[in-house]
Undergrad: 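My questions will all concern the structure given below.
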Amino acid sequence: MLMTEHIETAREFIDESENYFARGDVLQGSEKTWGAAAHIVMAAAQKRGWPFGNHRALKVAVRQLVQEYDDPYLERGFGIAEKFHANFYHRFMQEHEYDEGRPAVRLFVEKVDALMEQDRNKRSNL
């Protein structure tokens, strides 16, 4: 996939996740929530030439983004997304965790997307 396709997939997945949760399908909603976070990190990593082919590489990429942007929230947001990923397999989350976690992951996706957009705008203004 191209970087732009990862970005679009992240945007689609974060919206689709809400539809699954609205229908009561917490497993698919959880996996789409995770997928959105994973794809936005894949886009950021791909843009920078970093590895992104496995979960560990995504965690390392997020840590590098935290350092690059001096934004510790990015690591927290990704951690919440990882919880949704685990929930897909083990269904351990409670209702309040869905309600509290989904906006946090959406914010993570939107934040990374916006940071990449800022980077694109900076380069085009040079």
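All residue numbers in this chain count up from 1 along the given sequence. No experiment lies behind these values; they were computed from the predicted model shown.
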Undergrad: Quick one: CD on Gln67 to CG on Leu74, what's the gap to the nearest 0.5 Å?
TA: 11.5 Å

Undergrad: Using a strict 4.0 Å threshold on nitrogen-to-oxygen distance, state whether Arg106 and Asp113 make a salt bridge.
TA: no

Undergrad: What are the two closest heavy atoms between Met116 and Arg48, and how far apart are they?
TA: CG-NH1, 4.4 Å

Undergrad: Roughly how far, to the nearest 0.5 Å, is the NE2 atom of His90 from the OG atom of Ser30?
TA: 12.0 Å

Undergrad: Give the minimum heavy-atom separation between Ala57 and Pro51, together with the two atoms involved.
TA: CB-O, 3.7 Å

Undergrad: Examine Phe52 and Phe108 and state if one hydrophobic cluster contains both, with Ile, Leu, Val, Met, Phe, Trp and Tyr joined whenever side-chain heavy atoms are less than 4.5 Å apart.
TA: yes

Undergrad: Transitively linked via ILVMFWY side-chain contacts under 4.5 Å: Val60 with Met3?
TA: no

Undergrad: Report, as yes or no, whether the 6.0 Å neighbourhood of atom CZ on Arg76 holds more than 12 heavy atoms from other residues, nucleotides or ligands.
TA: no

Undergrad: Where the side chain of Glu100 meets the backbone of Glu97, is there a donor-acceptor pair that is under 3.5 Å apart?
TA: no

Undergrad: Do Glu68 and Gln64 have side chains that get closer than 4.5 Å, going by heavy atoms?
TA: no

Undergrad: So, do Lys111 and Asp71 sit near enough that their side-chain heavy atoms are less than 4.5 Å apart?
TA: yes

Undergrad: What are the two closest heavy atoms between Val26 and Asn87, and how far apart are they?
TA: O-ND2, 4.2 Å

Undergrad: Linking I/L/V/M/F/W/Y whenever any side-chain heavy atoms sit under 4.5 Å apart, do Leu107 and Val41 land together?
TA: yes

Undergrad: Looking only at heavy atoms, which two atoms of Leu2 and Gln46 are closest? And how far apart?
TA: C-OE1, 3.3 Å

Undergrad: What about Met93 and Val105, same hydrophobic cluster or not, with Ile/Leu/Val/Met/Phe/Trp/Tyr joined at side-chain heavy-atom distances under 4.5 Å?
TA: yes

Undergrad: Any donor and acceptor pair, going by atom type alone, linking the side chain of Glu82 with main-chain N or O of Gly77 inside 3.5 Å?
TA: no

Undergrad: Checking Lys59 against His55 for the side-chain contact (heavy atoms from CB on, under 4.5 Å) test, could you report, in this order, the C-alpha distance in whole Å, the side-chain angles of both residues, the deciding distance, and whether it holds?
TA: CA-CA 6 Å; Lys59 286 181 72 75; His55 196 116; 3.8 Å; yes

Undergrad: How about Phe13 and Glu31: do any of their side-chain heavy atoms sit closer than 4.5 Å?
TA: no

Undergrad: Tell me whether the guanidinium CZ or amine NZ of Lys32 lies under 6.0 angstrom from the six-membered ring centre of Tyr20 and within 45° of its axis.
TA: no

Undergrad: Above 12 or not: heavy atoms from other molecules or residues under 6.0 Å from CZ of Arg23?
TA: yes

Undergrad: Determine the minimum heavy-atom distance between Ala61 and Ala45, stating which atoms define it.
TA: CB-CB, 4.1 Å

Undergrad: Any side-chain heavy-atom pair from His6 and Thr9 closer than 4.5 angstrom?
TA: no

Undergrad: Any idea which heavy atoms bring Ala38 and Leu58 closest together, and the distance?
TA: CB-CD1, 4.0 Å

Undergrad: Parallel under 30°, tilted from 30 to 60°, perpendicular over 60°: which one fits the rings of Tyr89 and His85?
TA: perpendicular

Undergrad: Going by heavy atoms in the side chains, are Ile7 and His39 under 4.5 Å from each other?
TA: no

Undergrad: Would you say CG of Asp70 has more than 12 non-hydrogen atoms from neighbouring residues, nucleotides or ligands within 6.0 angstrom?
TA: no

Undergrad: Say whether Trp34 and Leu65 are linked into one hydrophobic cluster, either directly or through other cluster members, by side-chain heavy-atom distances under 4.5 angstrom.
TA: yes

Undergrad: Does a side-chain heavy-atom distance below 4.5 Å link Val62 with Val112?
TA: no

